[in-house]
There are 2 protein chains.
Amino acid sequence: MNKEQVTARYRTPDGLPVDIAIFTITSHAKPGSYKMLADRKLEVLLVRRSARSSAFPGQWALPGGFSSESETLAEAAYRELQEETNIGADVHIEQVKTVYYPGRDPRGWMPSVLYCALVNEDRLRAISPDTDADEAKLFELDEALRLNLAFDHKELLNDALTFIQTKMMTTTIAKEFLPRTFTIRELYQVIQTVVPDFQEDIANFKRNLLTTKTRQGLIREAIGSDGEPLTTDRNSNRPAQLYEFADYEPRISIYNSGMF
Amino acid sequence: MNKEQVTARYRTPDGLPVDIAIFTITSHAKPGSYKMLADRKLEVLLVRRSARSSAFPGQWALPGGFSSESETLAEAAYRELQEETNIGADVHIEQVKTVYYPGRDPRGWMPSVLYCALVNEDRLRAISPDTDADEAKLFELDEALRLNLAFDHKELLNDALTFIQTKMMTTTIAKEFLPRTFTIRELYQVIQTVVPDFQEDIANFKRNLLTTKTRQGLIREAIGSDGEPLTTDRNSNRPAQLYEFADYEPRISIYNSGMF
DNA sequence: CTAATAGTGTCTGTGAGACATTATTGA
DNA sequence: TCAATAATGTCTCACAGACACTATTAG
């Protein structure tokens, strides 16, 4: 096909929707007279479609909307995020994939560019159902996947999940779910929350992370303004050392265990 | 924005182009009286835009075209591949990303869904310039990136390159560039051709690949119909053992050197 | 013989995994 | 003191990296 014979001769899409899977990890403190590690759960934000919708009325769906000619796709995703939450700037947003196949949307030729956002729970205090009449709610992931979601959003949600699971193991995005400084155990919990398959002795996890040559520069001890190492007692009575991610994205390989 | 108020109220894109970066690795035998390893080069297929094009006439570009309502995006990419080459079915195609920002195409609101294809040189014997008048040519990657490509195709090509480099190290796509059975050295060359940073003693590379527990099941010895191991002398006078990929995609992590 | 690649062997230091043990805090 | 998490220690085996060395083939 020749790119020159464009709009005149060919039908054009009916829009270019952008959908976004907004993930967060919530921690629920366990009751008890002693301080214990919080339960962490991976949750995703869904919105309920209006009862008057022409397609999938009343069903839960990923937040989304149409991108416009005057904005980038990431800007459109960001705008959707803003409309459903009250999160400010510098949120981590990544494009997952773009889908289209005939029949995926009863309203016509509707591709969808899928984004995902990783949001720290601290920044998701109030989910503002906003001016829109639509309802927005965080669901635990399993629950969300059991719902009868609108469109092909169940597949999209699964794709987004696989995407962040891969990223969780191969990049430092765990930091998006953590405060700037965190304990080793918190990091470990976040990884396990997103990737339940990840099972490892925490003592070894810690040693491998901190004392291993190939992982030098990944995280470092958090140092306070007084030059002393920072600690926290938010997870236990005994204070724990705080760490922070350094600016290093390791490159890994299946061919030589470790980095290259 | 509400998804219901669609085509009537909003401007729609002028098309949904799909562009495709078709990569191949060519081997060029070195002259000499002894058998030597071939030089391998990563190359990409570009097409020259017609001199009568309204946009970027005469410049080189990634092959691409408009997807239609009746096909998936991957089908559109595959169709483009077919139009520029004579490659049959089961070609490895992957979606890289989708881009749009105002002004990226002088013809209007044109996003682009970028795919990449990895093609074994054996299957790319004749690049059929086809019925189209447009010229198609393989370029070495460095050369392609030095050209003044049409649109934002230099960025797209860079994105596609980064994409396959990551995939080369973290998945078994090396097989797309290799015959079904290959020598360890050929695998090593393919990896290095795509990712020049990958430098490792080949003796260790081989041992790590073959004798290491965490990489069991990645490749295996190729066995002939007579039950004997297969060898080849295509790279040297001394025959070398042939291997093949098993069906195993390892999962790797930055947190614990190796698989999980 | 030679020139090339294929393949083996060896040694050392580091890391992974499986534990067991001790330390520290608030209630 | 107790209940919880934090932190350290120890032992073994696997593995990565460096390197030297031998083997095989066609010409």
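Below, read A as the first sequence line, B as the second, and so on, with proteins coming before strands; counting in each chain starts at 1.
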* Below 6.0 angstrom between ring centroids: does that apply to B:Phe182 and B:Phe245? ->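 Yes: the rings meet the under 6.0 Å criterion.
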Ignoring backbone atoms, test whether [X] places a side-chain nitrogen or oxygen under 4.0 Å from the OP1 or OP2 oxygen of [N].
X        : N      : result
A:Asn208 : C:dA16 : yes
B:Arg238 : D:dA26 : no
B:Lys35  : C:dA4  : no
B:Ser33  : C:dA3  : no
B:Arg215 : D:dA16 : yes
B:Thr214 : D:dA14 : no
B:Lys206 : C:dA6  : no

What is the distance, rounded to the nearest whole Å, between atom [atom1] of [X] and atom [atom2] of [N]?
X        : N      : atom1 : atom2 : answer
A:Asp39  : D:dT5  : CG    : P     : 11 Å
A:Ile184 : D:dA6  : CD1   : C1'   : 11 Å
B:Tyr188 : C:dA6  : OH    : P     : 12 Å
B:Leu210 : C:dG7  : CG    : P     : 10 Å
A:Leu187 : D:dA6  : CG    : P     : 13 Å
A:Phe198 : C:dA16 : CZ    : P     : 11 Å
A:Glu186 : D:dT5  : CD    : P     : 13 Å
A:Phe205 : D:dT8  : CZ    : C1'   : 17 Å

Could a donor-acceptor pair under 3.5 angstrom be found where the side chain of [X] meets the base of [N]?
X        : N      : answer
B:Asp233 : D:dA26 : no
B:Tyr34  : C:dT2  : yes
A:Asn235 : D:dA4  : no

* Among B:Asp142, B:Asn148, B:Leu149, which residue meets the side chain to side chain contact (heavy atoms under 4.5 Å, CB included) test with B:Arg146? -> B:Asp142
* Asked: In terms of the nearest nucleotide of DNA chain C, which residue is placed more toward the 5' end: A:Asn237 or B:Ala240?
  ->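 That would be B:Ala240.
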* To do: Report yes or no: does A:Lys35 contribute a side-chain atom to a donor-acceptor pair with the main-chain N or O of A:Asn235 at less than 3.5 Å?
  => no
* Is a side-chain N or O of A:Tyr255 found less than 3.5 angstrom from the main chain of B:Leu209, in a donor-acceptor match? -> no
* Between A:Leu37 and B:Ala203, just flag the one whose closest nucleotide in DNA chain D comes earlier from the 5' side. =>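 That would be A:Leu37.
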* Of the nucleotides D:dA6, C:dG15, C:dA18, which has the atom closest to the A:Asn204 side chain? -> C:dA18
* Asked: Is it the case that A:Glu249 and A:Thr171 place a side-chain donor and acceptor less than 3.5 Å from each other?
  -> no
* **Distance-only side-chain donor-acceptor flag, A:Asn120 / A:Arg123, under 3.5 Å** =>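 No donor-acceptor contact under 3.5 Å links the two side chains.
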* To do: Could you check whether A:Arg207 gets within reach of a base, just the sugar-phosphate, or nothing at all, counting any heavy atom under 4.0 Å?
  => base
